[in-house]
Enquirer: 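Before we start, here is the structure in question, set down as structure tokens.
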Amino acid sequence: MSADGQHASVTFDRVSVDDVSRHFGRRRAVSRVTFTVARGQILGLLGPNGAGKSTLLAMLGTLLRPTSGSIRFGTRDVTTGDVALRALIGVLGHDLFLYPELTARENLSFFAALYGIADADGASRRALEQAGLIDRADDLVSSFSRGMRQRVALERALIHQPRLVLLDEPFTGLDDASTAALVARLKGLREDAAIVVLATHDLDLADGLLDEAVFLRDGRMVHSVARPDALRSTYRRVMTRSPMPSGAEGA
């Protein structure tokens, strides 16, 4: 099935996480987290290492099933291995999933073809233009800086025009120019009505970018704030609170 055909089979305008927990044996990686994010919004999952951010992203990406609670894409419950939903998700994690022995153009054409995009070469060219790397299209990815590889990997995650974009610590290792390019790309995704969920502990870089901030500690949701400003001071203030009761909404 083509990417366009897969998109036509599923539709949703929001993603809802309802009282979700995920346990690994006796360890509770995520405990009773609730939030909703709609198209045209960027939601930040904020917290220290071990707060449960990556586990939540894995569940949103249908890679893990919640131990309890539910995740819904519109009215559709998430299940692991749901091919139709996965066709609408783009993921950028710690592993960039690029082939260093291939050029930037070859990498992007390969992933475009995997998604069933008819004009894979054209999609690759547009992605490279979006990344500002069209002049490096035929250079090996192994020759790229960390920031350049990150930009190619982001376009790899977006080449099929996903409705849900999941980003795990995307600012790690980026210089100022690459950070500015990433922020501009995320704002463009919001303008294009994508749903973006961003996990980060880089509060200064996320400041002013988020439509909603969900603060996590030890797998539990401490607070949520709509359109937060002065993110670092807000983080310090809310992280001293007790976790929110299940179903409660932040101020």
Side-chain angles (χ1 to χ4, degrees), residues 12-82 85-86 88-94 162-170 186 194-203 206 209-228 231 234-251:
F12 60 91
D13 61 1
R14 65 189 57 244
V15 175
S16 302
V17 174
D18 186 13
D19 203 27
V20 162
S21 298
R22 173 68 195 196
H23 303 166
F24 296 95
R26 294 185 176 182
R27 184 173 71 88
R28 296 184 177 184
V30 172
S31 183
R32 307 192 71 178
V33 171
T34 296
F35 61 81
T36 297
V37 56
R39 297 191 74 176
Q41 291 184 335
I42 301 175
L43 181 142
L45 301 175
L46 308 180
N49 292 335
K53 304 186 300 294
S54 295
T55 301
L56 274 167
L57 288 181
M59 288 189 286
L60 288 168
T62 78
L63 300 176
L64 286 176
R65 186 188 300 272
T67 303
S68 61
S70 65
I71 297 176
R72 294 187 305 278
F73 285 43
T75 59
R76 184 185 183 113
D77 283 340
V78 167
T79 60
T80 54
D82 191 324
L85 279 179
R86 284 185 177 179
L88 300 177
I89 302 172
V91 179
L92 176 63
H94 300 287
R163 293 180 184 172
L164 173 64
V165 180
L166 305 174
L167 307 169
D168 197 357
E169 301 292 355
L186 295 179
I195 301 170
V196 180
V197 180
L198 164 69
T200 186
H201 60 261
D202 291 316
L203 302 178
L209 180 64
L210 305 178
D211 298 289
E212 182 92 12
V214 171
F215 297 89
L216 300 165
R217 185 180 66 231
D218 297 326
R220 297 182 67 86
M221 186 169 169
V222 177
H223 202 57
S224 66
V225 179
R227 296 197 173 275
L231 195 54
T234 302
Y235 182 91
R236 287 196 299 265
R237 174 171 53 84
V238 304
M239 291 298 277
T240 61
R241 300 183 178 184
S242 298
M244 294 170 59
S246 176
E249 294 184 359

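Note that the structure is a prediction, hence the values are computed from the model and not measured.
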Enquirer: State, to 0.1 Å, how close Leu60 and Val17 come at their nearest heavy-atom pair, and which atoms those are.
Expert: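 Where Leu60 meets Val17 most closely, the heavy atoms are CD2-CG2, 3.8 Å.
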Enquirer: How would you list, by chain and number, every residue that makes a side-chain contact (heavy atoms from CB on, under 4.5 Å) with Ser16, sequence neighbours excluded?
Expert: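 Testing Ser16 for side-chain contact (heavy atoms from CB on, under 4.5 Å), a comparison that skips the adjacent residues, returns Arg14, Thr36, Arg72.
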Enquirer: Drop me the distance from Leu45's CG to Thr200's OG1, to the nearest 0.5 angstrom.
Expert: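 The distance works out to 10.0 Å.
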Enquirer: For a quick test of reading the model, state the closest non-hydrogen atom pair linking Leu216 to Met239 and the distance between them.
Expert: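 Result for this residue pair: O-CE, 3.2 Å.
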Enquirer: If a pair satisfies side-chain hydrogen bond (donor to acceptor under 3.5 Å, both in side chains) and one of its residues is in residues 47-56, list it, with sequence neighbours excluded.
Expert: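 Qualifying pairs, neighbours excluded: Ser54-Asp168.
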Enquirer: Tell me the closest heavy-atom pair linking Leu43 and Val37, and the distance in Å.
Expert: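 Where Leu43 meets Val37 most closely, the heavy atoms are CB-CG2, 3.8 Å.
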Enquirer: Does any non-hydrogen side-chain atom of Leu167 lie less than 4.5 Å from one of Leu186?
Expert: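 Side-chain contact under 4.5 Å: yes.
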Enquirer: So, does Arg22 use its side chain to make a donor-acceptor pair with the main chain of Arg65 at under 3.5 Å?
Expert: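 Confirmed, Arg22 side chain pairs with Arg65 backbone.
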Enquirer: Is there a donor in the side chain of His201 and an acceptor in the side chain of Glu169, or the other way round, less than 3.5 Å apart?
Expert: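 Checked: His201/Glu169 side chains pair up, N/O donor to acceptor below 3.5 Å.
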Enquirer: In the structure I gave you, are the side-chain heavy atoms of Leu88 and Leu164 within less than 4.5 Å of one another anywhere?
Expert: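 Heavy-atom side-chain distance check fails, nothing below 4.5 Å.
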Enquirer: Taking C-beta and beyond as the side chain, do Asp77 and Ile71 meet within less than 4.5 Å on heavy atoms?
Expert: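 A side-chain contact under 4.5 Å is absent here.
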Enquirer: Is there a side-chain contact between Arg220 and Val33 in this structure, where contact means two heavy atoms from C-beta onward sitting under 4.5 Å apart?
Expert: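 A side-chain contact is absent here, since even the closest heavy-atom pair is not under 4.5 Å.
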Enquirer: Sequence neighbours left out, what passes side-chain contact (heavy atoms from CB on, under 4.5 Å) with Val91? Give chain and number order.
Expert: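 If we apply the side-chain contact (heavy atoms from CB on, under 4.5 Å) test to Val91, skipping adjacent residues, the hits are Ile89, Leu166.
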Enquirer: Give the minimum heavy-atom separation between Ala213 and Pro228, together with the two atoms involved.
Expert: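 Minimum heavy-atom contact is CB-CG, 3.7 Å.
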Enquirer: Under 3.5 Å, side chain of Arg86 to main-chain N/O of Thr62, donor-acceptor pair present?
Expert: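 The answer is yes, because a donor-acceptor pair under 3.5 Å joins these two groups.
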Enquirer: What distance do Phe12 atom CZ and Thr75 atom OG1 have between them, rounded to the nearest 0.5 Å?
Expert: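 Reported to 0.5 Å precision, the distance equals 11.5 Å.
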Enquirer: Quick one: closest heavy-atom pair of Val30 and Gly52, and the distance?
Expert: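 Scanning both residues completely, I find the closest heavy atoms to be CG2-O, 3.7 Å.
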Enquirer: The criterion is side-chain hydrogen bond (donor to acceptor under 3.5 Å, both in side chains); which residues satisfy it with Arg39, sequence neighbours excluded?
Expert: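 side-chain hydrogen bond (donor to acceptor under 3.5 Å, both in side chains) check on Arg39 returns nothing, list empty.
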Enquirer: Give the ring-plane orientation class for Phe215 versus Tyr235, where under 30° counts as parallel, over 60° as perpendicular and anything between as tilted.
Expert: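 Rings of Phe215 and Tyr235: tilted, 30 to 60°.
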Enquirer: Check Leu57 against Ala199 and note the closest heavy-atom contact, atom names and distance.
Expert: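 Closest heavy-atom pair between Leu57 and Ala199: CD1-CB, 3.7 Å.
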Enquirer: To the nearest 0.5 Å, tell me how far Arg236 CZ sits from Leu231 CG.
Expert: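 Nearest 0.5 Å value for the CZ-CG distance: 10.5 Å.
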Enquirer: Heavy atoms, side chains only, cut-off 4.5 Å: are Glu212 and Val197 in contact?
Expert: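 Counting from C-beta outward, Glu212 and Val197 never come under 4.5 Å.
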Enquirer: In the structure I gave you, are the side-chain heavy atoms of Arg28 and Ser21 within less than 4.5 Å of one another anywhere?
Expert: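 Contact flag for Arg28/Ser21 side chains = no.
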Enquirer: What residues form a salt bridge (charged side-chain N to carboxylate O under 4.0 Å, His left out) with Asp202, not counting sequence neighbours?
Expert: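 Scan of Asp202 (salt bridge (charged side-chain N to carboxylate O under 4.0 Å, His left out), adjacent residues dropped) gives none.
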Enquirer: Applying side-chain hydrogen bond (donor to acceptor under 3.5 Å, both in side chains), can you list everything that pairs with Arg227, at least two apart in sequence or on another chain?
Expert: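 Arg227 satisfies side-chain hydrogen bond (donor to acceptor under 3.5 Å, both in side chains) with Asp211 only.
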